[in-house]
Structure formats: C-alpha cells, structure tokens
Amino acid sequence: MLVGGSPLRLLRLSTSGARLVRGWWSGRPLGEQRAERLLARRLLDAGLADPDPPPDTRSPGKLTVIVPVHERADQLRTCLAALGGEWRTIVVDDGSKNAEAIAAAARERGACYVRHEHRRGAAATRNTGLSRADTPLVAFLDSDCVPARGFPADLLPHFGDPLVAAVAPRIVALPGPRSRMDSYERARSALDMGPSPALVNPHGRVPYLPTAALVARREVLGPGFDEALSIGEDVDLVWRLYDAGWQIRYEPRSTVAHDHRLELASWWARRVVYNSSVAPLSRRHPGRLPVLDMSAAGALAWGAALSGYPQALPVIAAARTVGLLRLLRVRDIDATRLAARLSLQGTAREGRELARALVGPWSPATLAAPRMQGASRQLATLIGAWLVASWLEDRPRLDPASYAALRMAEEAARGAGIWLGCVQEQSLRTLLPARHPRHPGGPGVPSARLED
C-alpha cells in the first residue's frame, strides 16, 4: 500500500504493482509495457510519485524567454547576463521613465526590446511578450531574478509528458549581507515553495506557483494572464490551467535567485499587497484560499480546547486514528502507527492554521478575547505553541525571539492584506472558514480515499 500525495491518498497495489514500485524506488527506469506505464501515470497523477525524466535534447530555438521590467536597468543587466544569451529573449518595458537605459541593457545582450508607453501592470507586460513569442515553449522571468546556470534548460525534460502545461523552479534568496530580515526571508520567502518536488494542486502542499520564473507551453496559455488582476494574476493563471485538466509541476532542483525586499517597511508593505489578492482570487476560485481550512470535527475540538477543555484534542485524534484504520483495512502495528501519526499531524495542522487566522485576519476577535473569561490564557498558549513549532520546522539562522516577532508581523500583514482586498471587493466572504468534506472513514479524516 502507498500512502501519500497531497491531498492524502491511500493506494492499494497488486503484487506485480508493488514489485514495479519497489524497482522504481531503487532506481530502475520505467519500462515500455503498457500496464507498467499506466501504473506510473496513476502514481504521477495522484501525486504519489515525482518524475525524474531523461535529459531534453531540444534546441534553444524551441523556447523564448520573456522578461518584464519596470525601471530596474541594473537588475535587468544582471538577469540577462545570467541567461547567457543562449535563448531568444524579449524584454518588455512597462512604461519605465529610464527607457533608454532599459533598451540599452536589452541590446547589450541581443534581446528584443518592446515598450509600453504607459505602465499597464505585470499581467499586461507578460501578455505583450507572449504575443511576440512564436516558439512552442515560453519562459517568464522577472527582471529582479538571477537564474542559476541551467535555467530554463533544466525544466524542459518535464515537457516530455504531454499532460504537463507548466513547470516552475525554486525561487531562492539572492546572496547578500546577513541580517535578521535576510535570515527570515531565506526561511520563509513568499516565493519559495520549498525543497521537495510536487504536482501543483489548489488543495495540496504546493497550491500555486509564482510566475517570477515559469516555463510553459505557449499554446495552452491562450490570451495569457488576466489583466484585470493587478496582483495574483500568476495564481489565477496556474489555477485556470489546472481546471482545464493540465498538470503543473514544481521542480526545486532548478533554482532562480530573487532580490528580496530586506527593509522592514517595504517588506511588510509588499506582504500586504500580496495578500490583497486573496479576495479577488476567492471570487474567481471559490474555496481555494480560505482564511482557515478545518473540518467540522476539528473546529469543535479546537473550540472546546480554547474554551478550557483541552481533553477534546486527544479524543478527536483517537477518533481520526480509528477512521483511518477503517480506510486502511489493515490491523497491525505499522498501520496503527501510521494512522496515529496522520491523525496527530492533521489535528496539529488545524491548530497551526487556527493560530494563523487568529493572529492575522481574525485578529479583531483575538483582541476581544481578554474580555472573555479564561480565553486569553488558552489563546496565548495556542499562539505560543504555534510560534515554537514554526521555528523548529523552519530552523532559521535567527534567534527565536526575532523569528517570532517577524512571524507575527508577517501574519499581521496577511490579515491587513485580506481585509484590504475585502474592502476593495465589497465583500467579507473571504473571511469565512472553509470546511473539509466528511469522509466515511471517520470524523474529520482529511479527504483521504482508498484506491485499488
């Protein structure tokens, strides 16, 4: 049996299927038999396995790099120099005042230069470049990024899979002077999707990808980005591809460095802007960016814990363990340990998400808690436990107190951005929690399902 994926799946294998999987796990390449390839396809589609495709031999003429830019001539030079001049490149200037400097930087590297007379935004700038590209593949690369050697070539092998529409590298921090903010951004950048490869799923571990760096099939992008969105246009594009049945992959073995904001005020303001996209995106894609994603059973358990009845948490964890054992249909010590671990992880995840909501968009309710008898102590315990767990998970090169202060500031920016978006959308619907679907396996089992 394979247990994994995001959202969680439980896949029961036949004897021959288990033998094939053991072989792949030990490094044996995929064979040509139809049954073998169908099983591999199923694992990939379920997020239970990640592909390791052979090298791609296609020529540089198959791809065009599109670089949107506004005012950053020096950063543009660095970006284009890192590309090495191997790929056809289109630089789209979004109404920069120093147009001559931008054009000169493009000419120095043999890039095609296109200009908007007036600033039109990131979506329109990328779309202008897309309309000028005539290659099967396009790569979007922001001008404040410095790609590692091998980008975008390292991502091209994934397009050997005809179901893959887009692939993104890992966005890491550009090397710079060490500081508290630099250490925090290296641990918790909004653009860094982590060290593990993933199949992008709106309800999974990697729910979307930033288009600061992204390679895609030109023909599947259609008109491109939604120009009505001033922020969040990249998330919207990825989700529209997902809804159309395409796969989007995250490949962290390829990296692109990004020049992060390291001045506290500009960093905080940018986080507010990022999160102001939640409300308009929620209107276009309902249920995909909830302030809090929690099962009904989890909400009852955590509500009871905050009301002074913490024994509700082990009760719900035990009930979830029993429900998962029913799904596994196995009664041995390994299955019991697995079910217990998954149920504890799910309950803890809901607690972390509740703490984030109370510190961020639900902070007005948190501020009112001291007036509620006994509630302030439970809230302080929950938020403190969340901060400690986050520090242990991220392991930043930062002392716990500085990390906690910046993490609280980040969540406050999230709350401010979500409220700002709600005001602009004239709707508070985004502030409502989402509810996990119930599953016959038991109360609160997180949308796991068994497949044979």
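In this structure, Trp362 and Pro433 approach most closely via the heavy-atom pair CZ2-CD, 3.9 Å. Residue Pro361 comes nearest to Leu431 through the heavy atom pair CB-CD2, 3.9 Å, listed as atom of the first residue, atom of the second, then distance. Shortest non-hydrogen contact noted between Ala165 and Val220 is CB-CG2, 3.8 Å. Ala105 and Ala73 make their closest contact through CB-O, 4.2 Å (heavy atoms, listed as atom of the first residue, atom of the second, distance). Of all the heavy atoms in Ala213 and Ala168, the pair that sits closest is O-CB, 3.7 Å. Listed here is the closest heavy atom pair of Glu233 and Ala122: OE2-CB, 3.8 Å.
Salt bridge Arg271/Glu185: present, at least one basic N to carboxylate O contact under 4.0 Å. For Arg126 and Asp142, the salt-bridge test passes: some basic side-chain N is under 4.0 Å from an acidic carboxylate O. Ionic pairing of Arg253 and Asp52 is present here: one or more N-O contacts between side-chain nitrogen and carboxylate oxygen are shorter than 4.0 angstrom. A salt bridge between Arg407 and Glu411 is present, with a side-chain N of the basic residue lying under 4.0 Å from a carboxylate O of the acidic one. Here Asp192 does not pair with Arg186 in a salt bridge; the nearest charged N to carboxylate O distance is not below 4.0 Å. By the 4.0 Å N-to-carboxylate-O rule, Arg120 lies close enough to Glu227 to be salt-bridged with it. Salt bridge present: Glu350 and Arg320 bring a charged side-chain N and a carboxylate O closer than 4.0 Å. Here Asp243 does not pair with Arg240 in a salt bridge; the nearest charged N to carboxylate O distance is not below 4.0 Å.
Side chains of Phe225 and Leu130 form no contact here, defined as non-hydrogen atoms less than 4.5 Å apart. Looking only at side-chain heavy atoms (C-beta outward), Val138 and Val215 stay at 4.5 Å or farther from each other. Side-chain atoms of Leu313 and Trp302, non-hydrogen and from C-beta on, do get closer than 4.5 Å to each other. Taking 4.5 Å as the limit, some side-chain heavy atom of Val3 sits within range of a side-chain heavy atom of Leu338.
Of the possible donor and acceptor atoms, none in the side chain of Arg9 sits under 3.5 Å from a partner among the backbone N and O of Gly47. Of the possible polar contacts, one joining the Asp226 side chain to the Ala228 backbone as a donor-acceptor pair under 3.5 Å is found. Counting only distance, with no hydrogens or angles, the side chain of Asp93 and the backbone of Ser96 share a donor-acceptor pair below 3.5 Å. Listed for the Arg283 side chain is no donor-acceptor partner under 3.5 Å among the backbone atoms of Pro280. Glu263 contributes a side-chain N or O that, together with a main-chain N or O of Ala265, makes up a donor-acceptor pair within less than 3.5 Å. Checked by atom type and distance alone, the side chain of Trp268 pairs as donor or acceptor with a backbone atom of Ala409 at under 3.5 Å. Between the side chain of Ser277 and the backbone N or O of Tyr274, at least one donor-acceptor pair lies under 3.5 Å. At least one donor-acceptor pair under 3.5 Å links the side chain of Ser295 to the backbone N or O of Gly298. No donor-acceptor distance shorter than 3.5 angstrom exists from the side chain of Thr125 to the backbone of Val92, with no hydrogens or angles considered. For the pair Trp239 (side chain) and Pro207 (backbone), a donor-acceptor distance under 3.5 Å is present.
Ser183 and Arg397 form no side-chain donor-acceptor contact under 3.5 Å, judged by distance and modelled atom types alone. Judged by distance alone, the side chains of Ser282 and Arg429 never bring a donor and an acceptor atom under 3.5 Å apart. Judged purely by distance below 3.5 Å, without hydrogens or angles, the side chains of Arg119 and His70 pair a donor atom with an acceptor atom. Of the N and O atoms on the side chains of Asp94 and His116, at least one donor lies less than 3.5 Å from an acceptor on the other residue. Side-chain contact check for His258 and Asp144: at least one donor-acceptor pair (N or O, by modelled atom type) lies under 3.5 Å. Side-chain contact of Glu410 with Tyr184: a donor-acceptor pair under 3.5 Å is present, judged by distance alone. Side-chain contact, Thr255 with Arg170: no donor N or O sits under 3.5 Å from an acceptor N or O.
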Report task. Check the pair Asp161, Arg41 against salt bridge (Lys or Arg N to Asp or Glu O under 4.0 Å), reporting the backbone distance first and the verdict last. Result -> CA-CA 10 Å; Asp161 183 343; Arg41 176 83 268 165; 2.9 Å; yes
Report task. Could you check Val256 against Val146 for side-chain contact (heavy atoms from CB on, under 4.5 Å), going step by step and ending with a plain yes or no? Result -> CA-CA 6 Å; Val256 168; Val146 181; over 6 Å; no
Query raised in the report: What do the steps show when you test Asp74 against Arg77 for salt bridge (Lys or Arg N to Asp or Glu O under 4.0 Å), and what is the final call?
Result: CA-CA 5 Å; Asp74 290 340; Arg77 283 190 174 88; 3.8 Å; yes
Query raised in the report: Between Val21 and Trp25, is a side-chain contact (heavy atoms from CB on, under 4.5 Å) present by the stated rule, with each step listed?
Result: CA-CA 6 Å; Val21 170; Trp25 267 217; 3.9 Å; yes
Query raised in the report: After noting the C-alpha distance and the side-chain angles of Ser266 and Arg261, does the key distance pass the side chain to side chain donor-acceptor pair (under 3.5 Å) rule?
Result: CA-CA 7 Å; Ser266 63; Arg261 287 173 169 81; 4.8 Å; no
**Report entry** Tyr242 vs Gln247, side-chain contact (heavy atoms from CB on, under 4.5 Å): CA-CA, chis, key distance, verdict
**Finding:** CA-CA 6 Å; Tyr242 174 86; Gln247 291 189 359; over 6 Å; no
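With Trp386 as the aromatic partner, Arg356 does not meet the cation-pi criteria of under 6.0 angstrom to the ring centre and within 45 degrees of the ring axis.
Few gaps surround CZ on Arg218; more than 12 heavy atoms of other groups in view lie less than 6.0 Å from it. Arg28 CZ: more than 12 foreign heavy atoms inside a 6.0 Å radius.
Between Tyr208 and Tyr250, the distance separating the two ring centers is not shorter than 6.0 angstrom.
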